[in-house]
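Numbered from 1 within each chain, the chains take letters A, B, ... in sequence-line order.
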There are 2 protein chains.
Amino acid sequence: MLHTVLSEAELQLCEAFGRLFEDGGSTRIAGRVVGWLMLCDPPHQTQAELVQGLGVSKASVSTELRQLELRGMVERITLPGDRRSYYRVAIDAWPELMARRLRVIDRCVALADEGLALLEHASDERRARLAGLRHGYVRLQAVMRAALEELRAETRAGRPGPASGKAGKRTVKASKASHEKRSKR
Amino acid sequence: MLHTVLSEAELQLCEAFGRLFEDGGSTRIAGRVVGWLMLCDPPHQTQAELVQGLGVSKASVSTELRQLELRGMVERITLPGDRRSYYRVAIDAWPELMARRLRVIDRCVALADEGLALLEHASDERRARLAGLRHGYVRLQAVMRAALEELRAETRAGRPGPASGKAGKRTVKASKASHEKRSKR
DNA sequence: CGGTTCGTTCAGTCAATACCGAACTAACTG
DNA sequence: CAGTTAGTTCGGTATTGACTGAACGAACCG
């Protein structure tokens, strides 16, 4: 056995991830990669394994992985004595993910504010429309900030790690399995 | 004065709405329409006014308005003795909007559940990844449900309306201004 | 009944971009 | 050094879908 193989059903789940990501404004392949990294065993995979397993091009995997790492959803790890990089779903992705969502909401609030500034001397009725919009977004902003704090606290608690905040790289157990030669092709 | 005209700055705000909607997976024109309806005076506008004001095609305005009405962001009203329909930003859009966001989150939770079902007999480590994903989404789901309830309560409170829940159509004050003949083209 | 206005629908155009193959760089191995 | 492997980048292709013009339908007006 040379590399992770997912069952038909698991691959279908990857596709579901793909569609979800697509709908969310990302790319299908990014979603498939995340899906794969959610299910695979071991949890860390090489680019080549993703290429093989998902049947997509090297180029796409490379690009999307970088994108995902940028967004904090995937992290790159290395193993001693291995030239390749391995990728796995980020352990502490949630706070970052939530923060990103929040930033969009912030933008909405800012937009409403800008509008209210423009209508400074306009009728109450006109201002009321924007004020209502703003109100809803502020509400959303508030609850999401709360959720973000909860998640941050949880992550800190669940991950005693070194004193330094970012909970440095954790040890990767040997897992020689994914460490083999592939002479074929 | 034949119809609403927005200032340069206000039009720029419409564009900002357009970009926001675009980024959010909707269309630029939908955003521009919402922006216009947020700022215009009177708050209700005909399709023709939107076409004129935004400089986009009749076809697009028709399509996007229907889309926006579908999503509950815009409502169509009619005036006595006027053949045209008027559109305005929906008064009670927020609960619906929030509910829609929630549905996306639900889908994510469902996806994680599906994965967990597939990995029923897999190692704890493999299940943990999906469980973590699920956990975050459930958290988000919870706070958003709370926010939704708050908003629902507010809307009910702020809008005494008829006993029937949905707070029926409210009176539209005469506003003859937007009611004139336009002989010109 | 023509003629005008309001609105929808559809087919076509155009721009954006997801994806890929191939060329390339860089690091390692013998 | 030549040869293999890992990964990035770039140019091209093909798909998608936003937007439009024009044709159409439907309701009103004389």
Phosphate contact (D:dG7 OP1 or OP2) by A:S85 side-chain N/O below 4.0 Å: yes

Donor + acceptor pair across side chains of A:S85, A:R76 (<3.5 Å): yes

Basic-acidic side-chain contact under 4.0 Å: A:R100, A:E96: yes

Contact nearer the 5' end of DNA chain D, comparing A:Y87 with B:T27: A:Y87

Pair A:K58 + A:E49: basic N to acidic O under 4.0 Å: no

Distance below 4.0 Å between A:T46 side-chain N/O and D:dA6 OP1 or OP2: no

D:dT5 OP1/OP2 closer than 4.0 Å to side-chain N/O of A:Q47: no

Euclidean distance, atom CZ of residue B:R28 to atom C1' of C:dA15 [Å, nearest integer]: 10 Å

Presence of A:R66 side-chain N/O under 4.0 Å of D:dT9 phosphate oxygens OP1/OP2: yes

Salt bridge present between A:E22 and A:R19 (N-O < 4.0 angstrom): no

base_contact_polar (C:dG7 base, B:K58 side chain, donor-acceptor, <3.5 Å): yes

A:T63 vs C:dC19: side-chain N/O to OP1/OP2 distance below 4.0 Å: no

Options D:dA18, C:dT8, D:dT20, nucleotide nearest the side-chain atoms of B:I29: D:dT20

Short side-chain N/O contact to D:dA18 OP1/OP2 from B:S60, under 4.0 Å: no

Contact under 4.0 Å: B:S57 side-chain N or O vs D:dG21 OP1/OP2: no

Nucleotide of D:dT20, D:dG7, D:dT8 approaching B:V56 most closely (side-chain heavy atoms): D:dT20

Closest to the B:A59 side chain, choosing from C:dC20, C:dC6, C:dT9: C:dT9

Out of C:dC28, C:dC19, C:dT8, whichever nucleotide has its closest atom nearest the side chain of A:R83: C:dC28

Single-linkage hydrophobic cluster, 4.5 Å side-chain cutoff, A:L140 and A:V104 together: no

